[in-house]
Each structure stands twice: as C-alpha cells, then as structure tokens.
Amino acid sequence: MVHETPNPVHRDDLASGLLPRLDGPPVEWVVSDTPVAYPDAIAEMEARVAAIAEGRAPERVWLLEHPPLYTAGTSADSADLIDPERFPVFATGRGGEYTYHGPGQRVAYVMLDLKRRTPDVRRFVAGLERWVIDTLWTWHIRGERREDRVGVWVRRPEKPALADGSPAEDKIAAIGIRVRKWVTFHGISLNVEPDLTHFSGIVPCGITGYGVTSLYDLGLAPMMPEVDMVLRDRFEPIFGATARAER
C-alpha cells in the first residue's frame, strides 16, 4: 500500500479568514507623529491588550517610530548582539530575535482579537506578511515570503549572488508578535528610510548571509504619511474596516 503524504500548507495559502465577524466596531487606526519611547509603547500596548481581551476597548493598529534602539525577542541569542553599547537594548516578550527600530522605520503595533476572526497564530502571521507584500506592490516592489524565514524579502539580482549561487535577497520588513488570550500585540516594522548601517550592530533576526533594505534604498522616496495611507488601504481587505482615532 502506498501512503500519500499530504501537501504541506504554505503561508501563501493561510492569509485569509482574518476578517472579523460583523458584530463589533471597526479597528481603531492611530498614528503618532513624534517618536515614542519603547517602554512607553510597551506599557500602552499592554494596557490596551488587556482592555480588548476584557471587552472594554476596540481593537487597534498603532503606527509610530521609535528612537534608535535594539529589541531582543524571546529567541534572541546574546551572540547576535554585536555592538551592545551602540543603542539601548530592550528585552521584549514578542517572538523572534534581535531587531532594530529607529527613525525612518514605520512600526505598526497590531492589537486584534483573533476570537473575532480565526484563532490561528500561523494564519495571523501570514496575514501580516500579505499586508506588507500588498503594500510594497503599490510601488511595484515584489515582496516575498520564505517558508524558512519570517518577514518579507526582496530579491536583489544586482548584488553578488549568495554562496550557493542563488540571487541575493534583502529583508525589508520584520515581523514579531505576541498573543495573549487570543489578542495580538507587537506587529511589523517596515523600512521606509532608516539608517541601514544601524542594523550592523546586530544579526537581524538571527539570520546571516542576507542584507537589509528599505524603500529609499530601492530608489523610492515616499513620505511617511503616504506610507501610512497605503498601509491602511491594504490592511482593510485582510483584517477589516478601520476608523481613525486619537491616542
């Protein structure tokens, strides 16, 4: 008897089923115009996630920038912190390893109640990737997933090939999340025009052999409000309607 192995489910196939039921308010859409200190952002996210889980507050997406800093996720290896004196380093409860945040990078903290959607963390991560990929395509940048690497990647054929002969690739967006009582927090960081040399103080996300890029590095120069507008437009078909709100 021949036993057939079922085809694995790829993340491309998971980025659906994340629209909410119709019995709740739209997702609050909040934009901070000035950099937010990392501890302040974490404290505010923690409070909001608790309120969402208890039914006291609507879901929220919070767009912001941070001052230059490194964060260490729950899987961070201390050996990947190459220059610990360069910027403040914060341990954080999100998944993943070391990453950099700073001016010119749009961070989106996504606080959604998966019980209103599909309580599936892998599906949620695939939805975040799809959100970034759809956003990049507005500028005709082909962002891609990799089954063995979380985040969104851009092929760079103009750069030297990798050691195995495959085309060079750079990471343009990182993803790191946490889920508590099926409410999500942390989220994505999209490189718009950060100082890419600041990534050299860490091994980004613990992945060697690949570079980091940005919209600016790829020859584009959208202003942050334009990026925010596109992010919102591409968010809604995947995760549902939004309503602008103030902090």
Side-chain angles (χ1 to χ4, degrees), residues 8 10-11 14 35-43 45-46 49 64-110 121-129 132 143-156 159-180 184-192 194-214 217:
H10 297 292
R11 296 204 300 276
L14 288 175
V36 179
Y38 192 76
D40 294 344
I42 295 299
M45 263 199 300
E46 291 274 358
V49 165
L64 53 81
E65 293 172 89
H66 285 304
L69 58 92
Y70 297 129
T71 66
T74 54
S75 302
D77 182 342
S78 59
D80 290 338
L81 181 59
I82 298 169
D83 188 356
E85 304 302 322
R86 192 172 197 171
F87 298 124
V89 181
F90 296 93
T92 182
R94 63 159 174 79
E97 304 185 45
Y98 283 102
T99 194
Y100 165 76
H101 294 311
Q105 182 189 71
R106 182 47 98 207
V107 174
Y109 289 134
V110 183
V121 174
R122 191 171 178 224
R123 187 178 296 274
F124 173 65
V125 171
L128 294 178
E129 292 170 332
V132 175
E144 297 180 317
R145 295 182 177 91
R146 292 293 175 260
E147 291 298 321
D148 60 340
R149 293 178 255 135
V150 175
V152 177
W153 300 80
V154 177
R155 299 189 191 197
R156 305 299 301 274
K159 290 187 172 183
L162 301 177
D164 63 0
S166 58
E169 296 182 347
D170 288 344
K171 192 171 193 175
I172 194 168
I175 296 175
I177 67 162
R178 188 174 181 182
V179 179
R180 181 183 297 151
T184 68
F185 53 126
H186 298 277
I188 69 168
S189 56
L190 173 63
N191 295 331
V192 179
D195 185 337
L196 295 179
T197 66
H198 291 170
F199 285 91
S200 65
I202 56 172
V203 177
C205 300
I207 300 172
T208 59
Y210 300 93
V212 180
T213 191
S214 66
D217 184 50

Using a 4.5 Å cut-off on heavy atoms from C-beta on, say whether the side chain of [Y] contacts that of [X].
X	Y	result
I177	T184	no
E97	L81	no
Y38	P67	no
Y210	K171	no
P103	P35	no
K159	T213	no

Search all heavy atoms of [X] against all heavy atoms of [Y] and return the closest pair with its distance.
X	Y	result
D83	Y70	O-CE1, 4.1 Å
T99	A174	OG1-CB, 4.2 Å
V89	P84	CG2-O, 4.1 Å
V212	P204	CG2-CG, 4.0 Å
F124	V110	CZ-CG1, 4.0 Å
P88	P68	CD-O, 3.7 Å

* To do: For the pair R94 (side chain) and T71 (backbone), establish whether a donor and an acceptor sit closer than 3.5 Å, ignoring hydrogens and angles.
  =>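 Between the backbone of T71 and the side chain of R94 there is a qualifying donor-acceptor contact (under 3.5 Å).
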* Is there a donor-acceptor pair under 3.5 Å between the side chain of D170 and the backbone N or O of V154? ->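 Here the side-chain-to-backbone pair does not exist.
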* Sole candidate of R145, R122, R123 that passes salt bridge (charged side-chain N to carboxylate O under 4.0 Å, His left out) when paired with E129 ->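 Output: one option passes, namely R145.
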Output the distance between atom [atom1] ([X]) and atom [atom2] ([Y]), rounded to the nearest 0.5 Å.
X	Y	atom1	atom2	result
H198	R86	NE2	CZ	5.5 Å
L128	H186	CG	NE2	13.0 Å
N191	I172	CG	CD1	6.5 Å
F90	I42	CZ	CD1	9.5 Å
I188	Q105	CD1	CD	10.0 Å

* To do: Indicate the ring-plane relationship of H66 and Y109, choosing parallel, tilted or perpendicular according to the 30° and 60° boundaries.
  =>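 H66 and Y109: tilted rings.
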* Asked: According to the interplanar angle, ranging from 0 to 90°, do the rings of Y100 and F87 count as parallel (below 30°), tilted (30 to 60°) or perpendicular (above 60°)?
  ->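 Because their plane-to-plane angle lies in the 30° to 60° range, the rings of Y100 and F87 count as tilted.
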* Asked: Where do E65 and R106 land on the side-chain contact (heavy atoms from CB on, under 4.5 Å) test, with the steps shown first?
  -> CA-CA 6 Å; E65 293 172 89; R106 182 47 98 207; 3.7 Å; yes
* Assess whether side-chain contact (heavy atoms from CB on, under 4.5 Å) is satisfied between I82 and V203, documenting all intermediate values. => CA-CA 7 Å; I82 298 169; V203 177; 4.0 Å; yes
* Ion pair E144/R146, N-O distance below 4.0 Å ->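 Here E144 pairs with R146 in a salt bridge, since their nearest N and O are under 4.0 Å apart.
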* Between T74 and R178: side-chain donor-acceptor atoms closer than 3.5 Å ->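 R178 and T74 do not have a side-chain donor-acceptor pair below 3.5 Å.
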